[in-house]
Amino acid sequence: MTVPHSEQELLDRAKAIAGLKLAELAQSLKLNVPPDLKRDKGWVGTLIERALGADAGSKPEQDFPHLGIELKTIPINGEGYPLETTFVSLAPLIRNSGIDWRHSHLRAKLSKVLWIPVQGERSIPLGERYIGSPILWQPDPLQEAQLQRDWEELMDYIVLGKVGQIHAGIGEVLQLRPKGANRRARTKAVDERGRIIDALPLGFYLRKNFTARILQNFLQNR
DNA sequence: GACTGATCATAA
DNA sequence: TTATGATCAGTC
């Protein structure tokens with residue numbers, strides 16, 4: 001699949017795959033459906049990326065940089081409520097003094113997101129899960145303010161060397177949680193005296209209450 | 001049953 | 001190791 005040249009083309013493609021089962025889309029792309037997601041946690045996301053023409057690979061950018069759009073699949077239950085939080089980006093634990101909200105990686109990634117809801121209940125076989133209608137979203141002023149508040153609070157912990165005090169309970173719509181291979185994963189951080197230390201890599205995640213509102217607002221406005 | 005810490009695969 | 005894509009699963 002080639003890259004979409006406009007926002008409309010991307011949206012059209014996303015609408016075209018809405019209503020398909022994952023197995024149907026996978027077959028059209030000649031991809032095998034794994035038995036479940038236990039060892040293929042990113043499979044749905046990668047499948048949708050390919051279907052929409054995002055160039056695969058791991059670049060620290062949006063999925064469609066020329067369109068300024070980030071692609072996110074989100075697993076939902078029968079009521080359309082998110083089953084999982086949404087990973088956004090790794091948290092910068094060092095060399096972070098001076099970055100403010102407006103220049104943050106997180107804000108850039110969330111400036112425009114194409115959400116693809118996908119049935120995610122484990123009782124439904126992976127291939128039988130349906131792809132939902134796409135939602136092209138930009139944070140409204142309230143949402144942006146909430147994100148900024150949480151981001152600033154969480155970044156304060158990091159900048160002040162309080163990485164060890166961080167836990168998932170901090171933040172109203174955002175949270176910091178481990179993001180690594182396992183608990184032994186290590187990256188550099190700073191302690192309260194400014195010394196470099198080894199620490200668990202952390203990532204920013206959107207809480208379900210936040211993404212649920214995005215999905216709900218879409219339903220109301222359609 | 002929800003939540004938080006832990007985990008899985010792959011590329012560069 | 002960092003970055004991409006995320007979901008798993010034990011504990012409360």
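Chain A is the first sequence line, chain B the second, and so forth, proteins listed ahead of strands; every chain is numbered from 1.
As a whole-Å value, the separation of A/Glu172 CD from B/dC3 P is 15 Å. The interatomic distance linking A/Lys188 (NZ) with C/dT1 (P) rounds to 8 Å, in whole Å. At whole-Å resolution of the value, CG in A/Leu202 and C1' in B/dT4 are 12 Å apart. Summarising the geometry, the separation between CG on A/Leu200 and C1' on B/dA6 is reported as 9 Å, rounded to the nearest angstrom. Rounded to a whole Å, the CZ atom of A/Phe64 is 14 Å from the C1' atom of C/dT4. With rounding to whole Å, A/Arg50 atom CZ is found 13 Å from C/dT4 atom C1'. Atom pair A/Phe210:CZ and B/dC3:C1' shows a separation of 19 Å (rounding to whole Å applied). The CG atom of A/Asn77 sits 12 Å away from the P atom of B/dC3 (whole-angstrom rounding).
If A/Arg207 and A/Arg184 are placed on DNA chain B by their nearest nucleotide, the residue sitting closer to the 5' end is A/Arg207.
In terms of modelled atom types and a separation under 3.5 Å, the side chain of A/Gln165 and the main chain of A/Lys162 share no donor-acceptor contact.
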Can you give each donor-acceptor pair under 3.5 Å made by side-chain atoms of residues 114-122 of chain A, sequence neighbours left out, with the distance rounded to 0.1 Å?
from: A/Gln119; atom 1: OE1; to: A/Tyr130; atom 2: N; distance (Å): 3.0
from: A/Glu121; atom 1: OE2; to: A/Gly78; atom 2: N; distance (Å): 3.4

Which donor-acceptor pairs under 3.5 Å do side chains of residues 27-37 of chain A form with protein atoms, sequence neighbours excluded?
from: A/Ser28; atom 1: OG; to: A/Leu25; atom 2: O; distance (Å): 2.7
from: A/Asp36; atom 1: OD1; to: A/Lys38; atom 2: N; distance (Å): 2.9

Can you list, pair by pair, the side-chain donor-acceptor contacts under 3.5 Å of residues 166-178 of chain A, counting residues two or more places apart and other chains?
from: A/His167; atom 1: ND1; to: A/Gly169; atom 2: N; distance (Å): 3.0
from: A/Glu172; atom 1: OE1; to: A/Arg149; atom 2: NH2; distance (Å): 2.7
from: A/Glu172; atom 1: OE2; to: A/Gln146; atom 2: NE2; distance (Å): 3.2
from: A/Gln175; atom 1: OE1; to: A/Arg177; atom 2: NH1; distance (Å): 2.5
from: A/Gln175; atom 1: NE2; to: A/Ala168; atom 2: O; distance (Å): 3.1
from: A/Arg177; atom 1: NH1; to: A/Thr85; atom 2: OG1; distance (Å): 3.1
from: A/Arg177; atom 1: NH2; to: A/Thr85; atom 2: OG1; distance (Å): 3.4

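Within the structure, the ring pair (Phe, Tyr, Trp, His ring centres under 6.0 Å) test picks out the following pairs touching residues 88-114 of chain A (sequence neighbours left out): A/Trp101-A/Trp151. Applying the side-chain hydrogen bond (donor to acceptor under 3.5 Å, both in side chains) test to residues at least two apart or on different chains, the pairs with a partner in residues 183-210 of chain A are A/Lys188-A/Asp198, A/Asp191-A/Arg195.
Recorded end-axis angle for the helix from B/dG1-C/dC12 to B/dA12-C/dT1 stands at 30°, based on five pairs per end and rounded to 10 degrees.
Qualifying salt bridge (charged side-chain N to carboxylate O under 4.0 Å, His left out) partners for A/Glu9, counting only residues two or more places apart in sequence or in other chains: A/Arg13. For A/Lys21, the side-chain hydrogen bond (donor to acceptor under 3.5 Å, both in side chains) partners are A/Glu128, not counting sequence neighbours. The ring pair (Phe, Tyr, Trp, His ring centres under 6.0 Å) test applied to A/Tyr157 returns no partner, not counting sequence neighbours.
Think of A/Ile124 as one node in a network of Ile, Leu, Val, Met, Phe, Trp and Tyr side chains linked at under 4.5 Å; it has no links at all.
Under a hydrophobic-cluster definition in which Ile, Leu, Val, Met, Phe, Trp and Tyr are linked whenever side-chain heavy atoms come within less than 4.5 Å, directly or via other members, A/Val88 and A/Ile76 are assigned to the same cluster.
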Do nucleotides 5-12 of chain C as a string where each nucleotide becomes B, S or -: B if the base has a protein heavy atom under 4.0 Å, S if just the sugar-phosphate does, - if no protein is that close. BBBBB---
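Shown for residues 159-171 of chain A: no residue has heavy atoms falling under 4.0 angstrom of DNA chain C.
Remark: A/Thr187 is in phosphate contact with C/dT2, judged by side-chain N or O atoms under 4.0 Å from OP1 or OP2.
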